[in-house]
Protein chains: 2
Amino acid sequence: MSDNQTLAEKVFSELATAIVRGEIRPGERLSEQALVDRYGGSRAPMREAIQKLEARNLVVRVPHAGARVVSLSLEELRDIYEVRLELESMACRLAAERMTDGEVAALQELLLEHARTIEADQGQSYYQKSGNLDFHFRIIEGSKNRRLHQMLCGDLYHIIRMYRYQTSTSSKRPQQALGEHQRIVEAIAARDAELAELLMRRHIQASLTNLEQRMVRESTESGI
Amino acid sequence: MSDNQTLAEKVFSELATAIVRGEIRPGERLSEQALVDRYGGSRAPMREAIQKLEARNLVVRVPHAGARVVSLSLEELRDIYEVRLELESMACRLAAERMTDGEVAALQELLLEHARTIEADQGQSYYQKSGNLDFHFRIIEGSKNRRLHQMLCGDLYHIIRMYRYQTSTSSKRPQQALGEHQRIVEAIAARDAELAELLMRRHIQASLTNLEQRMVRESTESGI
DNA sequence: ATACAGAGGATTGTATACAATGTAGTCTTT
DNA sequence: AAAGACTACATTGTATACAATCCTCTGTAT
């Protein structure tokens, strides 16, 4: 019953979380033999796990040379954020058109809970972690576009989380982000798709500009 | 020198083109042993080729049950087109901002060539095949966003081509499509990003609505 | 001292063999 | 006759062994 999934899948998910959490650093090499020593089994499942990681853009593989954890340049990170900005804005527009009334009500309830949590918690830990993601997840699912969901949650999500720019951005201003979230939900509840898209675009744009500032800071810091 | 790429990569690209061309039909099963019999080698490279196909969403694999060529429902196809519509419109906006003057000039030259070809050829074969794709490719590359390029050309392109809706759509009206292309390039040359995005959005929207009509037709035909 | 060449080792790509799981076909039972 | 269970087969998942490629370290020559 616990052995329902294959060894390759187990190793894949373990490695994926390890990479996202930074326990395996960008640029670090993934030797197949080393994975065998660590997780047991043989090289075949390890190879398969590495290939799955490559499919999600978490590692880069070159023939005969091995696999390394992806190490994104600042330009590549900007590219990813640009795409995410566009796709999530799109998701928000579609969500305004396609979410059921019940889903909208649940979303409003979620924000009320967030508001309570921020008040009690000073908005430190809870909101920026599961709360923020939960909000965005629900919007994406509300788009009722499975491919969009797959691209945002499967392909882009891991990399974005890996670099932590999203969370570190919103940690500065949880109450402001909450206000933006509330206005987005208002637009969705009013079925105003254009406005909902616009507000989401601005909301994520704040993260992007914050990211770009951070990029400049870090590059000058490390460059000197 | 010819053996530079691995066997897995060769089998992958052969299978990918075979699937896209329809030589292997949607839903058809891909047995590892059958691939060994056809392409030679052993099961290991065949497995790897299948995994690469899965990474590009060309096949679906279920543990212990094998791999099948993806068979998209009408809803999934609509989802893909929706995403493509959004991403290519975005690419067009970015291209208007980021293409060099030389690239814009080359694009204008390309359209002139297309116009000549249509006049000579009645716009039957050439334009809808390489010409149309070439135009869209250049726009995407002009966005200077490599992730966007990867998503559109790598992930979505194969599936879209597999179902041929794009080509069959534009074959009806090559001269009209050319006119739309020309207006798009005009907007890019004028560095009017908003207009360029809008025009591209309308241009692809035509394909999408045509696709939806075709979807309804086919579903009613096969449903009776 | 530096740059280049070569040999050795380490790692990946491929092949083969075995184990585990899914599938189909038949037989039994209701 | 239809439904369900059991058995045999086929296919995938995994393990091990071999081949090909690349990386590194050392030694030599400039």
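Residue numbers start from 1 in every chain, and the chains themselves are labelled A, B, ... in the order their sequence lines are given, proteins ahead of strands. Heavy atoms only: backbone and side chains are in, while hydrogens, waters and symmetry mates are out.
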Please tabulate, for the side chains in residues 44-52 of chain A, all donor-acceptor contacts under 3.5 angstrom to protein atoms that are two or more places apart in sequence or on a different chain.
unit_1  : atom_1 : unit_2  : atom_2 : d
A/Arg47 : NH1    : A/Glu32 : OE2    : 2.9
A/Arg47 : NH2    : B/Glu48 : OE1    : 2.8
A/Glu48 : OE1    : B/Arg47 : NH2    : 2.8
A/Glu48 : OE2    : B/Arg61 : NH2    : 2.6

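With a 4.5 Å cut-off on side-chain heavy atoms, B/Val70 and B/Val59 do not count as touching.
Salt-bridge check for B/Arg201 with B/Glu82: failed, with every basic side-chain N at 4.0 Å or more from each acidic carboxylate O. For A/Glu97 and A/Lys144, the salt-bridge test fails: no basic side-chain N is under 4.0 Å from an acidic carboxylate O.
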Heavy-atom protein contacts under 4.0 Å, nucleotides 5-16 of chain C, coded B base, S sugar-phosphate only, - none: ------SBBBBB
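The side chain to side chain donor-acceptor pair (under 3.5 Å) check on A/Gln33 picks up A/Asp37, with sequence neighbours excluded.
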